[in-house]
Amino acid sequence: MIFEKEEKERLECRSFKRTKVIYFIMGLIILGIAITFFINKNNPKTIESANLDTAVTELAYIPVEEIKVDEDEIEILKNETYQMQIKIEPSNATTKIIHIDDLEEGSIIQIKENAEIEAIEVGTMEFEMEAEEGKVKKKIKVTVKAKVEGIEIESEKIELIEGENKQLEAKILPEEVEEKTLNYESSAPEIAKIDSDGKIEAIQEGNAIITITTSAEPVQKREIEVMVKKEEVDNAQVQTNNNQVNEAIIGNYIHGVLLVNKNYSLPSNYDPGINPEALQAFNNMRASASKEGISLKIVSGYRSYQTQQAIYQRNVQLYGETVANTFSAKPRTI
């Protein structure tokens with residue numbers, strides 16, 4: 001009985017061990033099925049064998065084919081930044097690591113880890129991006145331009161006499177700015193008008209504001225106040241000059257009439273200037289004409305003794321005295 005009991009216990013122990021082994025093998029089978037399901041779920045791409053009907057899961061490596069950027073040639077103003085937009089093709093490439101050349105010390109730009117370019121100095125340079133250990137490359141050109149900082153002018157206030165012209169002296173700062181075009185505009189062109197080259201023409205008495213702006217970005221602006229005045233006439237001096245002239249030319253009077261021709265000339269000190277009343281009348285007429293878009297100028301008005309002498313001598317040199325006397329007057333003659 002004792003042996004039978006021991007044999008029975010021995011058989012039961014062997015049965016229990018076999019059961020454990022069976023359960024262990026079944027667990028391995030279930031684990032394998034679970035792993036296969038998980039792989040198929042996360043890697044659905046499969047290929048079909050030419051000789052087998054079984055679908056085999058493919059763990060494929062997808063290489064980068066192209067690096068795309070929003071701009072191949074980038075322009076930035078100095079001290080500003082530009083954010084590059086970079087894309088990898090195909091979008092499901094296995095490795096999306098892009099390497100950018102190390103820039104030399106003192107480079108005109110800096111490139112941050114987020115692909116942002118910072119402009120340091122004015123100039124032009126190129127750098128290269130690459131993927132797949134240099135098999136795929138992309139070259140980028142960057143131009144850093146000077147940023148407009150202001151406009152330099154000679155004065156903020158200008159006084160002019162009616163009929164007077166003045167060329168404005170203005171320039172863009174800094175000098176490295178490539179686009180140097182300046183735009184001019186008058187708040188009252190009927191008083192003081194200005195052309196595209198910055199030349200002011202004083203039309204009539206009054207005030208006007210000349211605005212100067214840059215074409216280059218960022219736009220800068222300066223204003224100049226222009227005050228146009230009437231020409232002041234010194235009546236006392238005019239009277240004195242007239243008295244001196246009358247005394248000098250008394251020899252040319254015949255029966256109270258002043259005679260002036262090629263034989264009877266006026267003295268060199270005869271200098272009455274432009275008649276004030278005639279000048280005022282002309283300025284009034286010019287102002288009215290300007291409102292109609294018509295520009296009037298004095299081309300051949302009063303000439304001083306020195307001016308007429310220079311004109312006559314030039315004609316003599318060009319044509320000879322005989323011919324010159326037929327069309328050009330000697331100083332203080334008609």
Side-chain angles (χ1 to χ4, degrees), residues 75-82 119 122 143-238 272-304 307:
E75 291 187 356
I76 324 176
L77 293 177
K78 182 180 177 180
N79 298 328
E80 294 193 355
T81 60
Y82 178 87
V122 175
T143 301
V144 179
K145 295 187 174 183
K147 184 177 182 180
V148 180
E149 298 177 1
I151 303 173
E152 183 180 86
I153 56 176
E154 56 184 323
S155 176
E156 293 183 345
K157 291 185 178 181
I158 296 175
E159 291 188 4
L160 298 174
I161 302 298
E162 288 181 336
E164 187 177 0
N165 295 326
K166 181 173 179 61
Q167 178 64 52
L168 284 183
E169 298 296 334
K171 65 178 181 179
I172 293 178
L173 298 175
E175 294 184 358
E176 291 81 7
V177 175
E178 293 181 7
E179 176 55 80
K180 299 183 182 296
T181 303
L182 291 172
N183 307 304
Y184 303 92
E185 184 178 0
S186 173
S187 64
E190 71 278 5
I191 295 175
K193 64 181 182 179
I194 187 166
D195 62 18
S196 59
D197 295 324
K199 185 177 181 180
I200 302 175
E201 181 180 357
I203 306 299
Q204 62 178 340
E205 186 177 20
N207 293 344
I209 300 296
I210 301 298
T211 302
I212 310 173
T213 57
T214 62
S215 292
E217 298 285 347
V219 175
Q220 299 290 324
K221 181 176 72 171
R222 292 295 300 270
E223 292 184 345
I224 299 176
E225 182 182 0
V226 178
M227 294 168 284
V228 180
K229 298 181 178 181
K230 292 182 179 296
E231 185 176 11
E232 296 182 358
V233 178
D234 189 341
N235 293 325
Q237 184 62 42
V238 170
I274 298 177
N275 184 289
E277 294 182 7
L279 178 61
Q280 184 59 53
F282 172 78
N283 287 336
N284 293 339
M285 180 175 63
R286 179 168 57 181
S288 299
S290 178
K291 295 177 182 179
E292 302 295 329
I294 301 172
S295 178
L296 299 179
K297 295 181 179 179
I298 298 176
V299 176
S300 183
Y302 170 78
R303 297 176 185 173
S304 68
T307 299

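Keep in mind that what you see is a predicted model, and the values were worked out from it rather than measured.
For the pair Ile203 and Ala287, the tightest heavy-atom approach, listed with the atom from each and the gap, is CG2-CA, 3.8 Å. Summarising the geometry of Arg222 relative to Ile151, their closest heavy-atom pair is NH1-O, 2.8 Å, with the distance given to 0.1 Å. Of all heavy-atom pairs between Ile212 and Ala170, the closest is CD1-CB, 4.2 Å. Pairing each heavy atom of Ala192 with each of Ile200, the nearest pair is CB-CG2, 4.2 Å. Lys145 approaches Val122 most closely through the heavy-atom pair C-CG2, 4.1 Å. Closest approach of Ile172 and Val148 over heavy atoms only: CG2-CG1, 4.0 Å.
Proximity of a side-chain donor or acceptor of Glu162 to a complementary backbone N or O of Glu205 within less than 3.5 Å is detected. A donor-acceptor pair is defined here as one N or O able to donate and one able to accept, closer than 3.5 Å; no such pair exists between the side chain of Asp197 and the backbone of Lys199.
Between Asn79 and Lys147 the shortest side-chain heavy-atom distance does not fall below 4.5 Å.
With rounding to the nearest 0.5 Å, the separation of OG1 in Thr214 from CG in Leu182 is 7.5 Å. For the atom pair CD (Glu152) and CD (Glu169), the distance works out to 10.5 Å, reported to the nearest 0.5 Å. Taking CD of Glu201 as the start and CD1 of Ile194 as the end, the distance is 11.5 Å to the nearest 0.5 Å. To the nearest 0.5 Å, atom CE of residue Met227 and atom CG of residue Asn207 are 6.5 Å apart. Rounded to the nearest 0.5 Å, atoms NZ (Lys229) and CD (Glu164) are 12.0 Å apart. The line from NZ of Lys193 to OG of Ser295 is 4.0 Å long, rounded to the nearest 0.5 Å.
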Where do Glu156 and Ile224 land on the side chain to side chain contact (heavy atoms under 4.5 Å, CB included) test, with the steps shown first? CA-CA 5 Å; Glu156 293 183 345; Ile224 299 176; 5.7 Å; no
Going through the checks in order, is the side chain to side chain contact (heavy atoms under 4.5 Å, CB included) test met by Gln204 and Asn283? CA-CA 7 Å; Gln204 62 178 340; Asn283 287 336; over 6 Å; no
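A side-chain hydrogen bond (donor to acceptor under 3.5 Å, both in side chains) check over residues 179-190, counting only residues at least two apart or in different chains, returns the pairs Glu179-Thr181, Asn183-Ser215.
Residue-environment remark: CD (Glu178) stays at or below the threshold of 12 foreign heavy atoms within 6.0 Å. In the displayed structure, Gln167 atom CD is contacted under 6.0 Å by more than 12 heavy atoms of other residues, nucleotides or ligands.
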